[in-house]
Amino acid sequence: MTPRVLIADDHPVYRDGLSLMLSSTGEVEVVGTARDGREAVERAGELRPDVVVMDLQMPRLDGIEATRRIVAGESPPGVLVLTMHEDDESVFAAMLAGARGYLVKGADQEEILRAITAVAHGEVIFGPALAARVTRYFTLLAGTRQPMEEPFPALTAREREVLDLIAAGLSNPQIAARLYLSPKTVRNNVSNVFAKLQVADRAQAIVRAREAGLGR
């Protein structure tokens, strides 16, 4: 299926030239263009493209915020950033906003087409000059990240499992059926959970559990 593309760039010569170039290949369908970030958000909602090719520095609304708004929509298109900026701050800001691809202007026709196709298929892609930096960044980030601690370390694995189901709104009989336990065993586990969490009743246990991310 031919990817449907929206091009957002505030420079008319580059925007129109890119549109003409992509259309001439027959490999993508350019369904529209936008002159700034705000228009990009509006046209993305109207035209429902598969990919938005997004510049970063634009009037009214920059490409980072436009990307964030576009990907927050229902069944959003993929966003491929195509910009002059190749500094780490711009690259990672675009990624955090939800962009799935990042190329620097100067990329050739083949590279742009390959990136559009990849993003249209849900892949993440970066230009060769950026890929190594992105990989290095996340390798360093992974090396410095502390492992997440289990909530309520005083609880046993079974008690934590029971608490998770309590927080999800299940009654004792439902928990017993879910975990293939006897009602008495469930009651004992619930009592232990209440004691270790120092809560008086089920409602307080649910509040504590949901604050810790359980029961979802």
Side-chain angles (χ1 to χ4, degrees), residues 1-139 141:
M1 184 176 176
T2 303
R4 302 172 70 254
V5 176
L6 170 68
I7 298 170
D9 196 296
D10 64 325
H11 293 93
V13 173
Y14 187 85
R15 182 179 67 242
D16 295 343
L18 181 61
S19 176
L20 182 62
M21 182 272 285
L22 292 176
S23 297
S24 69
T25 67
E27 295 184 35
V28 301
E29 178 188 356
V30 178
V31 296
T33 61
R35 296 165 294 182
D36 55 59
R38 186 171 298 172
E39 187 176 19
V41 174
E42 293 169 354
R43 303 221 71 193
E46 295 166 0
L47 300 172
R48 298 291 182 184
D50 300 305
V51 178
V52 178
V53 178
M54 180 78 72
D55 191 15
L56 289 187
Q57 191 169 353
M58 293 187 292
R60 294 213 297 168
L61 192 69
D62 64 56
I64 298 294
E65 182 58 30
T67 296
R68 187 176 291 112
R69 295 186 187 184
I70 287 171
V71 303
E74 186 176 347
S75 301
V79 175
L80 170 65
V81 171
L82 182 59
T83 181
M84 293 294 294
H85 304 283
E86 55 181 322
D87 58 285
D88 287 355
E89 184 178 355
S90 296
V91 174
F92 298 128
M95 290 170 57
L96 291 170
R100 291 212 299 259
Y102 198 110
L103 294 180
V104 177
K105 286 181 178 177
D108 60 27
Q109 173 180 301
E110 182 180 350
E111 192 175 356
I112 295 172
L113 285 171
R114 185 169 60 248
I116 289 173
T117 301
V119 170
H121 286 87
E123 300 173 28
V124 176
I125 188 166
F126 298 91
L130 301 174
R133 285 159 53 191
V134 172
T135 301
R136 185 169 62 251
Y137 172 82
F138 282 106
T139 300
L141 188 64

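Heavy atoms only: backbone and side chains are in, while hydrogens, waters and symmetry mates are out.
Although no hydrogens or angles enter the test, the distance criterion places a donor-acceptor pair under 3.5 Å between the side chain of Thr117 and the main chain of Leu113. Of the possible polar contacts, one joining the Arg100 side chain to the Val119 backbone as a donor-acceptor pair under 3.5 Å is found. Within the 3.5 Å criterion, the main-chain N or O of Arg4 finds no donor-acceptor partner in the side chain of Arg48. Although no hydrogens or angles enter the test, the distance criterion places no donor-acceptor pair under 3.5 Å between the side chain of Ser23 and the main chain of Leu20. Side-chain atoms of Arg43 come within 3.5 Å of backbone N or O of Thr33 as a donor-acceptor pair.
Between Pro3 and Glu27, the shortest heavy-atom contact is CD-O, 3.4 Å. Closest heavy-atom contact between Ala44 and Leu6: N-CD2, 3.7 Å. Looking at every heavy atom in both residues, Ala66 comes nearest to Gly37 through CB-O, 3.7 Å. Annotation for Pro77 and Val71: closest pair O-CG1, 4.4 Å, computed over non-hydrogen atoms. Among all heavy-atom pairs drawn from Thr25 and Gln109, the shortest one is CG2-NE2, 3.5 Å. Annotation for Thr67 and Ala99: closest pair CG2-N, 3.7 Å, computed over non-hydrogen atoms.
Here OG of Ser90 is found 12.0 Å from CE of Met84. Values are rounded to the nearest 0.5 Å. Note that the CG atom of Leu103 and the CG atom of Leu82 stand 6.0 Å from one another [nearest 0.5 Å]. Taking CD1 from Ile64 and CG from Leu56, the interatomic distance works out to 4.5 Å, rounded to the nearest 0.5 Å. One distance of note links CE of Met1 with NE2 of His121; it measures 9.5 Å at 0.5 Å rounding.
Heavy atoms of other residues, nucleotides or ligands lying less than 6.0 angstrom from NE2 of His85 number more than 12. Around CD of Glu65, the count of heavy atoms belonging to other residues, nucleotides or ligands within 6.0 Å exceeds 12.
Comment: Lys105 engages Asp55 in a salt bridge, judged by a side-chain N to carboxylate O separation of less than 4.0 angstrom. Between Arg114 and Glu111 there is no salt bridge, since no side-chain nitrogen of the basic residue lies less than 4.0 Å from a carboxylate oxygen of the acidic one. Arg38 and Glu42 are not joined by a salt bridge, as no carboxylate oxygen comes within less than 4.0 angstrom of a charged side-chain nitrogen.
In this structure, Ile112 and Val53 have side chains that are not in contact, with every pair of non-hydrogen atoms separated by 4.5 Å or more. Between Met95 and Phe126 there is a side-chain heavy-atom pair separated by less than 4.5 Å. Between Ile7 and Leu22 there is a side-chain heavy-atom pair separated by less than 4.5 Å.
Judged as a salt bridge (charged side-chain N to carboxylate O under 4.0 Å, His left out), and not counting sequence neighbours, the contacts of Arg35 are Glu39.
With Met54 as reference, Ile70 is the one residue of Ile70, Leu80, Asp9 to meet the side-chain contact (heavy atoms from CB on, under 4.5 Å) rule.
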